[in-house]
Number of protein chains: 2
Amino acid sequence: MLKSLDQKPLVDIVEEKLCEYLSSGKYYTGDQLPKEQEIAEQLKVSRNIVREALSRLRMLGLIESRKKKGMVLSEPQLFNGFERIAHARFFSDKKIKELLEFRYVLEMGLPELLYRNQENIDFERLEDLAGQYEKATTSKERIQFDREFHATLYKATNNETIIRFVTILTPVLEFQAKTENSESAIPLSHAELVKILKSGTKNQFRNAMEKHLKNKIEQLKDF
Amino acid sequence: MLKSLDQKPLVDIVEEKLCEYLSSGKYYTGDQLPKEQEIAEQLKVSRNIVREALSRLRMLGLIESRKKKGMVLSEPQLFNGFERIAHARFFSDKKIKELLEFRYVLEMGLPELLYRNQENIDFERLEDLAGQYEKATTSKERIQFDREFHATLYKATNNETIIRFVTILTPVLEFQAKTENSESAIPLSHAELVKILKSGTKNQFRNAMEKHLKNKIEQLKDF
DNA sequence: AATGTAGTTATGTAGTACATAATAAAATTG
DNA sequence: CAATTTTATTATGTACTACATAACTACATT
């Protein structure tokens, strides 16, 4: 089969060149970029194209722009791109399954950080949420309290990047939580999880978490 | 302090509306979008703006465009945005630290998947890489073989999403591997790791991995 | 029927014009 | 002269037009 030699659109090339340029070492956070017009002239493309490329970088948070000031390099927000496409309906079952696995891996690696930042754990809130989960009557409530419980665990990591990632990811994966057999009892309750986290060892907690998630991971096979 | 009420640029609004529109349920993968001109007229903005917004979505892989065909909705590539900004020099020490932690969590959660897909593990290659690592003389070689060793582990998960994420992430984190004291012996060698993976339990492997990564995690405190 | 040709269409690129807001410079005022 | 207001300047933001390009359609030719 012959290669399709559809040449890239100019935007892609310009975007690439800009990224290269910005990461080359000449620029530091806060530095201001050349004017759009200058970039356009230098690359011999229309200002239009340059603006499209810059618009992409702006979306990622790599640059910010002010009316007269120009554009300045800034620290990019980490999962801006991911955030925008984080709708379950965009993804195939295969990708959803992989994302479920991704979260499972995260969840099971979490104890490493939790046992390093144990003083950050909000036990009171965890216990409260565990109780509310038990008292919940509707599936919607259970999903809500379950989400908050796990979110509270993540929060204790004190790692904004991980927290943001999971925060974006969770709603994508919950679309199918409704279809899951949410009536089947959780093999190990939230309350028990907290208890072990409070006084057990890291290995004990990991094993407890594994049990807690058993149902969720079992259904991965159905995909 | 008063809110800065700098109204969003139109591109941001249009992009948002397009995302909303595309995720609303009317469109399925493969469907073709309205023409740029129509979108522009409907939203009462210039075609220019619409193109900028579409260009962003194209970058994320949410849409593809053909010359006469128009633009069609497609399954987005997952970490396209992240990939572009994945240069260490864009990130603050804090973010780098968080990303190191992120990978650590992943690495420690990995056994869950490995022990589900044990038949996928390429033990031969792992052993080979473990050996090459030992024989390596330069720091550069060691980094290379270490990277490949862990990549081979990830590969066994058979989870393209996780693999891609780590593949993007790794070079970002390696910039500082050069500054790390790479001469200090690893507490538990690659070879030992493979041996345990081959015949040990999941818990044993997890503990081994923890030991293996001990040095890397220790230096997180320096950040 | 297979090939070739011309026309149509939606994206891709270029260019111009002007609005807007932030800054700097100049002018005004107390 | 200091403080404030006004005016000019500048780079981004938005709009519009024009044409190039490639892919598709339909018709024409052999």
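In the text below, chain A, chain B and the rest are named by the order of the sequence lines, each starting its count at 1. Everything quoted here is computed from the prediction, not taken from an experiment. Below, all heavy atoms of this structure are taken into account, side chains as well, without hydrogens, waters or symmetry copies.
Taking B:E127 as the reference, B:K198 meet the salt bridge (Lys or Arg N to Asp or Glu O under 4.0 Å) condition, with sequence neighbours excluded. By the salt bridge (Lys or Arg N to Asp or Glu O under 4.0 Å) test, B:K95 pairs with A:E75, sequence neighbours left out. Here B:E141 pairs with nothing under the salt bridge (Lys or Arg N to Asp or Glu O under 4.0 Å) rule; sequence neighbours left out. Contacts of B:E98 classified as salt bridge (Lys or Arg N to Asp or Glu O under 4.0 Å), with partners at least two apart in sequence or in another chain: B:K94. Taking A:Y154 as the reference, nothing meets the ring-ring contact (aromatic ring centres under 6.0 Å, His included) condition, with sequence neighbours excluded. Residues satisfying the side chain to side chain contact (heavy atoms under 4.5 Å, CB included) criterion with B:Q42, sequence neighbours excluded, are absent altogether. Contacts of A:H212 classified as ring-ring contact (aromatic ring centres under 6.0 Å, His included), with partners at least two apart in sequence or in another chain: A:H150, A:H190.
Against DNA chain C, the stretch residues 9-22 of chain A makes heavy-atom approaches under 4.0 Å through A:P9, A:L10, A:V11. DNA chain C lies under 4.0 Å from at least one heavy atom of each of the following residues of residues 45-53 of chain A: A:V45, A:S46, A:R47, A:N48, A:I49.
B:K44 has its NZ atom 12 Å from the P atom of D:dA15, to the nearest Å. C:dG12 atom C1' lies 8 Å from atom CD of B:E36, rounded to whole Å. Rounded to a whole Å, the CD atom of A:Q37 is 12 Å from the P atom of C:dA14. Rounded to an integer number of Å, the gap from A:L54 CG to D:dT14 P is 14 Å.
For B:F82 and A:F82, the distance between ring centers is not under 6.0 angstrom.
At the phosphate of C:dG12, OP1 or OP2 sits under 4.0 Å from a side-chain N or O atom of B:S65.
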With 3.5 Å as the limit, what N/O pairs link the protein to nucleotides 7-9 of chain C?
residue	atom	partner	partner atom	Å
C:dT9	O4'	B:K68	NZ	3.1

List the atom pairs, donor and acceptor, that lie under 3.5 Å between side-chain atoms in residues 116-124 of chain A and the rest of the protein, sequence neighbours left out.
residue	atom	partner	partner atom	Å
A:N117	ND2	A:L113	O	3.0
A:Q118	NE2	A:L197	O	3.2
A:D122	OD1	A:R125	N	3.1

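For residues 31-42 of chain B, the pairs satisfying salt bridge (Lys or Arg N to Asp or Glu O under 4.0 Å) are B:K35-B:E38, B:E36-B:R47, B:E36-B:R51, with sequence neighbours left out.
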